[in-house]
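Worksheet: one structure, shown below.
Letters A, B, ... mirror the listed sequences (proteins, then strands); counts begin at 1. Side chains are part of it too, since the values below use all heavy atoms of this structure and drop only hydrogens, waters and symmetry mates.
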Amino acid sequence: MGVVMHLDEIIRLCYQCGACTGICPMRRVSLFSPRDSILNSRGGDMDPGSVAVDTAPCLTCYQCAAECPQGIDFPEYVLASRCAGDDSLVTCAVHGTVLHEIQEIMASADKGIPKEFAGETDDGSDIAYYPGCIDYLNLFYDDVGVDYHAIGDASVNLLNKMGVKPRILDMKCCGHDALYQGDKNLFERLSAYNTKRVKNSGIKTIVVSCAECYMMFKKHYELENVNVLHISEFLDPDKLEIKTESDGGIVTYHDPCRLGRYCGVYDAPRKLIKYAGAEFVDMKHNREKAVCCGVSAWLNCNDCTKALRAMRLDEAKKIGAETMITACTKCLTHFNCLKNEIENNGVYDMKIEDFTVFIANKVGAGK
Amino acid sequence: MSDEKIKNEKDDVRIGVFVCECGVNIGGVVNCHEVADYAATLPNVKCVKVNKFTCADSGQAEIQKHIAEYDLNRVVVATCTPPTHEPTFRECCKEAGVNPYLFEFVNIRDQCSWIHMWDKDRATEKAKDLVRMGVARSRLLEPQEDSFVPVDKNALVIGAGVAGMQAALDLGDMGYKTFLVESEPSIGGRMARFDKVFPTNDCSICILGPKMVEVGRNANVEIMSYSEVVDVDGYVGNFDVTVLHKPRYVNTDLCTGCGACSAKCPVEVPYDFNEDFGTRHAIYVPFPQAVPLRAVLDKDNCIECGACEKACEANAIDHEQKPAYSKIKVGVIVVAVGFSTYDPEPNNDYGYGIYDNVITAMEFERLLNAAGPTGGHVVRSSDCVEPMRVGFINCVGSRDARTNIYCSGVCCMYTLKNAQLLKEKRPETEHTIMYMDIRTPFRGYEEFYNRARSLGVNFVRGKPVEVTEEDNGNLVVRVEDTLKKEILNLEFDLLVLGTGVVAHEGIEKLAKILKLPRASDRFLMELHPKLGPVDSTADGVFLAGACSGPKDIPYAVSQGSACAGRAARLLATGRAPIPGITAVVNKEKCVSCGICVDMCPYNAISISDEDGLAEVTAAICKGCGTCAAACPSGAMEQRHFKSNQIMAQIRNVMSIEDAQGA
Amino acid sequence: MESDRVPKIISFVCNWCSYDELGSDDDTKVIRVMCGGRVDPVEVFRALKGGADGVFVAGCPEDGCRYIEGNKKMMGRMERVSRALEYLGLDGRLRVIKATPNDAVKLPEMMNVFRERLKKLGQSQLKNGEF
């Protein structure tokens, strides 16, 4: 409640200028309007639950906050209302409910994130690698046609190339989906476990390959004295030896909201992709302006956000991209899902690949 | 305890405490009678009195009556705030025969009744604590005398825009020799570049030109164009100023401003006066109305072909000119360096710098101008076609947490003006202003807004977020019309950005030279936002126009005159007061370590050649006390803020029992 | 761990192969589905999260599915669920069988084996959730 009250105060500063609604990707495909939501919640007679319902279409993609002249963090307002409301949005979550169940079980179970990956690991290292839920995704999202496990293999292999044998800690889900679905209790259980685990391990650096996990450790965890790095920040192009020549195809990069607008990591992945010899071209909306894939925390997988994904893939198509790289499993899942849809057969003739997998293949550190 | 033994002018300290209710401003929250009753129990307090308005004549009369009746030698007033009222009460005490520095101010308004508005008991308790501290300090106060320094009768005005010109004219007319230093080759500033000016839409240069001529003719005003102030030494009344005269490579005594040189010059470079639209030659007369009307040679772009020398009948061109410095002595300084406009290029706001047909309002202004690069035809860069649909986006670089949070104040008006001017020239064009709020205070401004509306200018209330360029160079602006709650994709032929006002790019350097502080908005800080709007924090230095925040022309002109008036107080009396709060050195304790010398932000402290000990030049010392806080041997003391006085306050922060025990 | 505690088992049972036989078993709560292909992994996880010590899923053998390949889908999904349970340290709490109606007599025996295994594993520690 406290957080919502604080944000209420900030939201009173709203100019009602409409910049948020103008930039809002959801507004491109629906009548959703952050400005209207703020206006609706004015006067204080709206409880957090109603705000959460009113703002349910929000993707928390952060484009509005980046445009707001008053610096109002609308996604934070949405998040706080979801967490303060009586009912979490879990019921609204689409196919992600399997993961939510697993995350809930994980919070009470002995084990959490699987640790078996190709490459060498070392339990004495003070550099850890956190793979996130990729192995669970592999089990339950097989129809998307993405080998999520390969992200972990690629990451460990790449770290090995850097001369690092990482340690893979017994950790649990970072809690991103739980938090953004409004299940604060589950998030707190998961984060309490992970925080304790990290602090007791003596780890100094955690390398993360998933944009969401990275953002969570950076923004929602208090890991004092532990350096959280996205793998693109950790990898040093000079230490990686590029083995394959560019195959001539145009490569583009889709900035995940969590990595880009939330954490400001734009250059590191681009630098490595370019270094890997790819012919790199940015899409029309890139970096701060990158348009969201439409699904964060397994919410809002619907016709509206599907239209967003189609718009995004059209942008990639327009620049003639043969490969679109991203660094978030949600983006990876949903773009591949759209691409593989029966009605889209052959419409989007491009590879949609994870960043680490792409780089690993280029340096001969793939599977 | 040793503090208490320090002898005062009379061993018998007799304190009167006056508690002000300020109507209900204080009395509505703080129980002033309870505070007064409490004050009466404090040592040395001989009388207490609660007043409805202590600063009113009647309240001051009460103080003076009590001074006489109780033979008071200390006066404590618990009321509002020193910046506004300390001079009043000091003067009141002085009239009644008590040294003004034996008056002590206690703020129970801001710190009690305002901040603890919802907790009256707490406010009252805190007021008692503050009064106890004030009484304790007053016991140890010592009488001080203000001193005076003589004031040189010359004045310096930095910046010859409309504000600086007004200040120089007023000072000159009052008979004071005034140096007007301008970094550009001509005086006139920003206003010389405007096409027309609101709210009357008269031609800017037509009304400014005569004023420029007047400045040029004024016998007391010496224009130093193409010059910069590079160093200022000294203090109020006695400033030693070094002025750099940039080489013009033209002898201004010989040049007649005929322009023959320019006509022959083969070099063409973008013309900054026209916002880099169009070109000028390497040697050029800034603009037809320039004062002084003299050519200037831009050496960076000169190819030394000698064509200009052949063309000049007056033999005024001098390629060998060197930068020159002159030293002037002045008593007062008026800073009027103006502003810069927000630059949308680095962030490519709304595609500026990427799309040809997105321009700033200042660029639009030059296109409108008959003397501008297109002879007054507004055309777009991509194809030189006159636009049919013009969009204006307001608040670019203003009212935005990412750039400048403040409102630039002038953009609404100039956008209304620009839309009107083009609409008048070419009524068939369509104009759309996209805004968050339209702000038009002051005389004639709202009427000006109505005029734009009645001319048929469209208004869309919304902040645009995205601009895309079509193949034909047209621009599509995505904006929510927040009144209709609709997303619009408006297509324009030309898009004009209402860029905001930002601090002058040279302000940082000048602030260092003059030791002036800047606010978080990067403009220079005035002494008091309401009651000292043209005074700077440095004595004898005044601020006119947009150097202290965005201002329109009438405001800037008023400030120019105001500065002249404020400065003339010092010039006319020939002396400037130095308040009795400067630092003094106890030479017996000084160990010549020199720490204070480095501490002083004003260079007021030096190590004396005679005794090798620190000494303070009172006229330079501003009374900040930084040296006193740093002195390791305790030799440096700031008058009226002595260590024992401050310590007494600290001790009395605790309850009375603790304080008495201390 | 008390050895006489009877483990709580939830069974998802195909209407055609095993329902009649298991329906009379006292110690397991049977949820009838028309086909093993209807069993959603989410339901298995929720059963365990809700406090079940084990989940028993029964479907038809290969080529024996009334709905052509619902059983294959079921096997594929349950394999994934078992893997996930392994990751979570909950191995052995899911038992999946393929049975023909003719195998019905073996079912109580299979259930007994599963029950004994669950007894050894002890009570599930997942008590936080609810159905």
Side-chain angles (χ1 to χ4, degrees), chain A residues 87-88 90-117 131-144 147-149 152 168-173 175 177-178 181 183-190 192-193 197 298, chain C residues 1 7-10 12 31 33 36-55 57 69-70 72-96 117-118 120-131:
Chain A
D87 292 307
S88 75
V90 175
T91 46
C92 305
V94 197
H95 39 211
T97 41
V98 166
L99 277 196
H100 189 262
E101 296 310 318
I102 290 175
Q103 287 154 6
E104 283 227 17
I105 292 174
M106 199 187 284
S108 319
D110 293 336
K111 286 199 199 165
I113 304 280
K115 298 164 55 175
E116 298 304 318
F117 296 104
C133 292
I134 49 176
D135 276 330
Y136 292 102
L137 292 171
N138 239 20
L139 293 178
F140 297 103
Y141 295 88
D142 57 314
D143 40 4
V144 172
D147 182 1
Y148 299 96
H149 185 79
I168 303 182
L169 294 172
D170 293 311
M171 284 173 75
K172 295 187 176 176
C173 166
D177 298 348
Q181 288 166 358
D183 193 343
K184 201 173 183 192
N185 175 277
L186 175 55
F187 160 69
E188 280 169 357
R189 282 158 63 204
L190 292 167
Y193 176 89
R197 188 73 196 89
W298 303 116
Chain C
M1 198 61 59
K8 286 187 208 162
I9 301 175
I10 291 179
F12 294 94
I31 295 171
V33 288
R38 170 63 190 85
V39 183
D40 186 334
V42 171
E43 288 151 6
V44 179
F45 289 124
R46 286 215 177 127
L48 290 169
K49 193 179 83 181
D53 296 300
V55 173
V57 181
E69 51 179 18
K72 278 191 202 159
K73 292 278 190 314
M74 185 268 282
M75 286 311 291
R77 284 183 193 142
M78 291 310 124
E79 259 170 44
R80 293 165 196 286
V81 173
S82 317
R83 288 272 296 283
L85 292 176
E86 258 174 60
Y87 292 160
L88 293 163
L90 297 169
D91 343 17
R93 292 190 184 270
L94 173 66
R95 174 82 172 113
V96 184
R117 189 163 88 197
L118 290 176
K120 275 185 204 147
L121 285 173
Q123 193 179 351
S124 162
Q125 73 278 57
L126 303 175
K127 281 161 293 183
N128 294 307
E130 55 194 39
F131 284 100

Ranking V81(C), L90(C), L88(C) by heavy-atom pairs under 4.5 Å to chain A gives rank one to L88(C)

Comparing A84(C), G76(C), P41(C) against chain A, the one with the most heavy-atom pairs below 4.5 Å turns out to be A84(C)

When the 4.5 angstrom heavy-atom criterion is applied to E79(C) and chain A, the contacting part is neither

NZ (K49(C)) and CD1 (I102(A)) are apart, to the nearest 0.5 Å, by 11.0 Å

Quick one: do L139(A) and Y87(C) satisfy side-chain contact (heavy atoms from CB on, under 4.5 Å)? Show the steps, please.
CA-CA 11 Å; L139(A) 293 178; Y87(C) 292 160; 3.8 Å; yes

**Study point:** Neighbour count above 12 (heavy atom, 6.0 Å) for K115(A) NZ
**Key:** yes

Smallest heavy-atom separation, D142(A) atom then R80(C) atom, equals OD2-NH2, 3.1 Å

Value for CD (E86(C)) from NZ (K111(A)), rounded to nearest 0.5 Å, stands at 7.5 Å

Rounded to the nearest 0.5 Å, the CD atom of E101(A) sits from the CG atom of D40(C) at a distance of 9.5 Å

When the 4.5 angstrom heavy-atom criterion is applied to D135(A) and chain C, the contacting part is both

